[in-house]
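For reference, the structure is listed below as structure tokens.
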Amino acid sequence: MNTDHWHFSDKVLAILPSMPSSKLDTIIIGAGAAGLMCALTAGQRGRRVLVLERSNKVGKKILMSGGGRCNFTNLHISPERFISANPHFCKSALSRYTQWDFIDLVERHGIEYFEKQTVNGLSGQLFCEESSKQIVAMLLEECRTAGAEVRTQCDIHCVDHTDGFHLETSQGNFSAPSLVVAAGGLSVPSLGGSDFGYQLGRQFGLNLLPVSAGLVPFTLTDSLKELSSSLSGVSCEVIVSNARASFREDLLFTHRGLSGPAVLQLSSYWKPGESVSIDLLPGCDAGEKLKTMKREHPKSLLRTRLGHCLPKQLVARLEILFWRDLAEKPLADWSGRHLETLAGQLQEWTIRPAATEGYRTAEVTLGGVDTRELSSKTMESGTPGLFFIGEVVDVTGHLGGFNFQWAWASGYAAGSAV
Ligand SMILES: Cc1cc2nc3c(=O)[nH]c(=O)nc-3n(C[C@H](O)[C@H](O)[C@H](O)COP(=O)(O)OP(=O)(O)OC[C@H]3O[C@@H](n4cnc5c(N)ncnc54)[C@H](O)[C@@H]3O)c2cc1C
């Protein structure tokens with residue numbers, strides 16, 4: 001599909017049919033992943049839909065995602081890849097709109113995609129070959145053919161509920177018997193992150209679970225910050241764990257601290273003040289490996305041998321940290337006890353992050369609208385006609401396309417019910 005003509009501005013969106021507000025069936029707040037999926041699904045069912053978006057563009061996070069290629073789903077969707085106070089809640093929606101349904105939609109629009117390859121083989125992560133703009137264009141095209149209207153640059157001043165939902169906005173007043181809140185979470189304010197969805201949850205008396213930044217880099221202080229800063233750009237495969245979770249993926253040192261997929265994943269399970277453990281030699285017995293090095297290369301220095309398994313710059317910094325006194329000793333001079341101690345340090349390097357980078361760079365917001373307040377089949381709350389979908393709900397996916405799949409699936413669930 002040629003996407004050049006889509007500028008996602010209000011001018012372009014004005015070509016969508018404009019409908020009299022009195023005839024609306026559903027108003028959707030937020031034209032992100034979940035809101036657009038909900039709009040096109042409801043529109044295809046003949047519902048008269050209006051989507052109100054505060055920003056000047058729709059789908060800003062889709063556009064920025066996956067380095068501009070949108071990791072739009074994952075081949076291995078399963079409820080275990082989602083974090084929620086109620087781990088069963090996501091099952092119904094995920095099974096009624098699956099990754100295969102979204103892949104089918106992508107294929108019908110002729111969008112080419114690929115599965116990301118990692119050192120451990122195929123990851124299941126699907127990305128656009130060309131551009132994430134194609135996903136936004138696809139969703140808008142589906143909205144257009146389904147007759148759903150999308151308005152950008154629309155500020156919602158207040159939402160009232162008396163015999164239907166009544167919205168006062170910068171573009172006039174709108175009313176409908178149902179309202180879908182798809183305003184996302186707090187992550188990345190410059191891409192639309194806001195607390196509006198939580199405010200509405202509160203206004204309607206829903207329980208909200210504490211929110212925190214997820215899929216976010218760790219910051220470090222003092223000597224650890226100096227270490228990571230000196231290694232900025234260096235990455236290697238590790239296992240990062242804490243008491244609740246463990247991920248084997250790449251770790252990236254940055255100027256501020258630690259990032260990379262392994263760290264982003266663990267950050268969603270991290271609590272302030274906790275330490276994390278890093279295994280720098282994943283999948284091998286470091287004690288045995290060091291003994292073999294000593295046996296086979298007794299005249300070598302440790303840094304030379306370790307430089308074959310880990311980035312050399314990292315080895316140089318680890319040397320200062322862990323075996324400064326033995327740095328110039330050939331392996332033959334290392335005692336069994338020294339090798340054992342080092343094996344432990346390399347496989348259980350314990351680091352206490354100072355904090356995370358917070359909502360400024362977090363890919364998701366954990367917590368939010370308590371799922372016990374919603375129907376798992378329709379996403380409707382205890383207030384009839386009021387629905388919550390996407391990131392505003394307490395369902396957060398792992399890194400790798402899981403969050404978009406939740407947005408598509410929950411959007412479809414509400415779009416099928418409004
Ligand atoms: C940089 C980045 C990269 C990411 N990459 C991926 C990826 O590759 N794969 C993946 O699965 N997930 C990814 N994510 C996560 C994914 O983007 C979110 O989980 C997903 O967008 C959530 O969809 P949503 O529709 O609930 O919220 P959003 O997509 O955030 O949409 C919410 C919309 O509501 C609008 N809004 C907010 N307040 C108001 C208001 N008061 N009035 C009207 N409109 C309002 C916002 O402007 C926004 O357009 C990424 C996130 C970020 C920040």
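The chain is numbered in sequence order, starting from 1.
More than 12 heavy atoms of other residues, nucleotides or ligands lie within 6.0 Å of CZ in R244, so this atom counts as buried by the packing criterion. Within a 6.0 Å sphere centred on CD of E348, heavy atoms belonging to other residues, nucleotides or ligands number 12 at most. Counting non-hydrogen atoms of neighbouring residues, nucleotides and ligands closer than 6.0 angstrom, the CG atom of D155 exceeds 12 such neighbours. Heavy-atom neighbours of H161 NE2 from other residues, nucleotides or ligands within 6.0 Å: above the threshold of 12. Other residues, nucleotides and ligands contribute only 12 or fewer heavy atoms inside 6.0 Å of the CD atom of E112.
Under the side chain to side chain donor-acceptor pair (under 3.5 Å) criterion, R47 pairs with no residue at all, not counting sequence neighbours. In this view, E53 satisfies the side chain to side chain donor-acceptor pair (under 3.5 Å) rule with no residue, not counting sequence neighbours.
Among pairs with a residue in residues 397-414, those fulfilling side chain to side chain donor-acceptor pair (under 3.5 Å) read T73-Q405, R81-H398, Y269-H398, at least two apart in sequence or across chains. Sequence neighbours left out, the pairs with a member in residues 34-45 that pass side chain to side chain donor-acceptor pair (under 3.5 Å) are Q44-E142. Identified under the ring-ring contact (aromatic ring centres under 6.0 Å, His included) test for residues 352-387, with sequence neighbours left out: none. The salt bridge (charged side-chain N to carboxylate O under 4.0 Å, His left out) analysis of residues 275-292, with sequence neighbours excluded, yields the pairs E288-K291.
Ion pairing between a basic and an acidic side chain is recognised when a charged N comes within 4.0 Å of a carboxylate O; K312 and E319 show no such pairing. A salt bridge is defined here as a Lys NZ or Arg NE, NH1 or NH2 lying under 4.0 Å from an Asp or Glu carboxylate O, and E80 with K91 fails to meet this definition. For R337 and E340, the salt-bridge test fails: no basic side-chain N is under 4.0 Å from an acidic carboxylate O.
Counting only N and O atoms by type, the side chains of S55 and K60 include a donor and acceptor under 3.5 Å apart. For the residue pair Q171 / R151, a side-chain donor-acceptor distance below 3.5 Å is found, with atom types taken as modelled.
Here the straight-line distance linking atom CD1 of I389 with atom CE of M37 works out to 10.0 Å at 0.5 Å rounding. Taken from CG in L326 to CZ in R303, the straight-line distance is 11.5 Å, to the nearest 0.5 Å. Rounded to the nearest 0.5 angstrom, S416 OG and R96 CZ are separated by 6.0 Å. Expressed to the nearest 0.5 Å, how far OG1 of T383 lies from CZ of F165 amounts to 6.5 Å. In this structure, L342 CG and L346 CG are separated by 4.0 Å, a value rounded to the nearest 0.5 Å. Note: R305 CZ to C309 SG = 8.5 Å, rounded to the nearest 0.5 Å.
Contact between T365 and L186 at its shortest, heavy atoms only, is OG1-N, 2.9 Å. In terms of heavy atoms, L63 sits closest to V58 at CD1-O, 4.0 Å. Nearest heavy-atom pair, G400 versus N71, reported as atom, atom and distance to 0.1 Å: C-OD1, 2.8 Å. Residues S277 and Q347 share a closest heavy-atom pair of OG-O, 4.3 Å. Heavy-atom minimum distance, A409 versus A93: CB-O, 3.6 Å. The shortest non-hydrogen separation linking V395 to C90 is CG1-CB, 4.1 Å.
For the pair F102/L126, no side-chain contact is recorded, criterion being any heavy-atom separation below 4.5 Å from C-beta on. Residues N74 and F404 are not in side-chain contact: their nearest non-hydrogen atoms beyond the backbone lie 4.5 Å or more apart. Side-chain atoms of K61 and M64, non-hydrogen and from C-beta on, never get closer than 4.5 Å to each other. Side-chain contact between S187 and R360 is absent, with no heavy atoms from C-beta onward closer than 4.5 Å. In this structure, the side chains of V238 and L281 stay at 4.5 Å or more apart for every pair of heavy atoms. Put simply, the side chain of L40 does not reach to within 4.5 Å of the side chain of T145, judged on heavy atoms. Taking the side chain as every heavy atom from C-beta outward, P353 and L258 never approach each other to under 4.5 Å. Between V181 and F196, every side-chain heavy-atom pair lies at or beyond the 4.5 Å cut-off.
When the options E237, E249, R248, Q125 are evaluated for a side-chain contact (heavy atoms from CB on, under 4.5 Å) with P261, the one that passes is E249. For the side-chain contact (heavy atoms from CB on, under 4.5 Å) criterion with V51, the lone passing option out of I28, T26, I27 is I28.
Panel note: side chain S259, backbone L252; no donor-acceptor pair is recorded below 3.5 Å. Side-chain atoms of T219 come within 3.5 Å of backbone N or O of A355 as a donor-acceptor pair. The closest donor-acceptor contact from the side chain of D25 to the backbone of R48 lies under 3.5 Å. Judged by distance alone, the side chain of S232 and the main-chain N or O of T254 form no donor-acceptor pair under 3.5 Å. Although no hydrogens or angles enter the test, the distance criterion places a donor-acceptor pair under 3.5 Å between the side chain of S267 and the main chain of V216. Side chain of T169 to main chain of G172: a donor-acceptor pair is present (N/O by atom type, distance under 3.5 Å, no hydrogens or angles). A side-chain donor-acceptor contact under 3.5 Å links Q265 to the backbone of L399. For E373 (side chain) and N207 (main-chain N/O), a donor-acceptor pair under 3.5 Å exists by modelled atom type. At distances below 3.5 Å, at least one donor-acceptor pair connects side-chain atoms of E115 with backbone N or O atoms of G124. With hydrogens and angles ignored, the 3.5 Å screen pairs a side-chain donor or acceptor of N242 with a backbone N or O of A245.
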Derivation and outcome, side-chain hydrogen bond (donor to acceptor under 3.5 Å, both in side chains), residues T378 and S375: CA-CA 5 Å; T378 63; S375 152; 3.1 Å; yes

side-chain contact (heavy atoms from CB on, under 4.5 Å) between I111 and F72, worked out: CA-CA 12 Å; I111 298 172; F72 55 79; 5.6 Å; no

Please lay out, stage by stage, how R69 and S132 fare under the test side-chain contact (heavy atoms from CB on, under 4.5 Å). CA-CA 4 Å; R69 284 174 159 190; S132 45; 5.7 Å; no

Does the pair L366 and V211 meet the rule for a side-chain contact (heavy atoms from CB on, under 4.5 Å), with working shown? CA-CA 5 Å; L366 293 149; V211 292; over 6 Å; no

Starting from the C-alpha separation in whole Å, work towards a yes-or-no answer on salt bridge (Lys or Arg N to Asp or Glu O under 4.0 Å) for R256 and E357. CA-CA 9 Å; R256 298 162 59 87; E357 286 189 6; 3.2 Å; yes

Please test L94 against F89 for side-chain contact (heavy atoms from CB on, under 4.5 Å), starting from the C-alpha separation and ending with a verdict. CA-CA 9 Å; L94 290 173; F89 179 81; over 6 Å; no

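For F114 and F127, the gap between ring centers is short of 6.0 Å.
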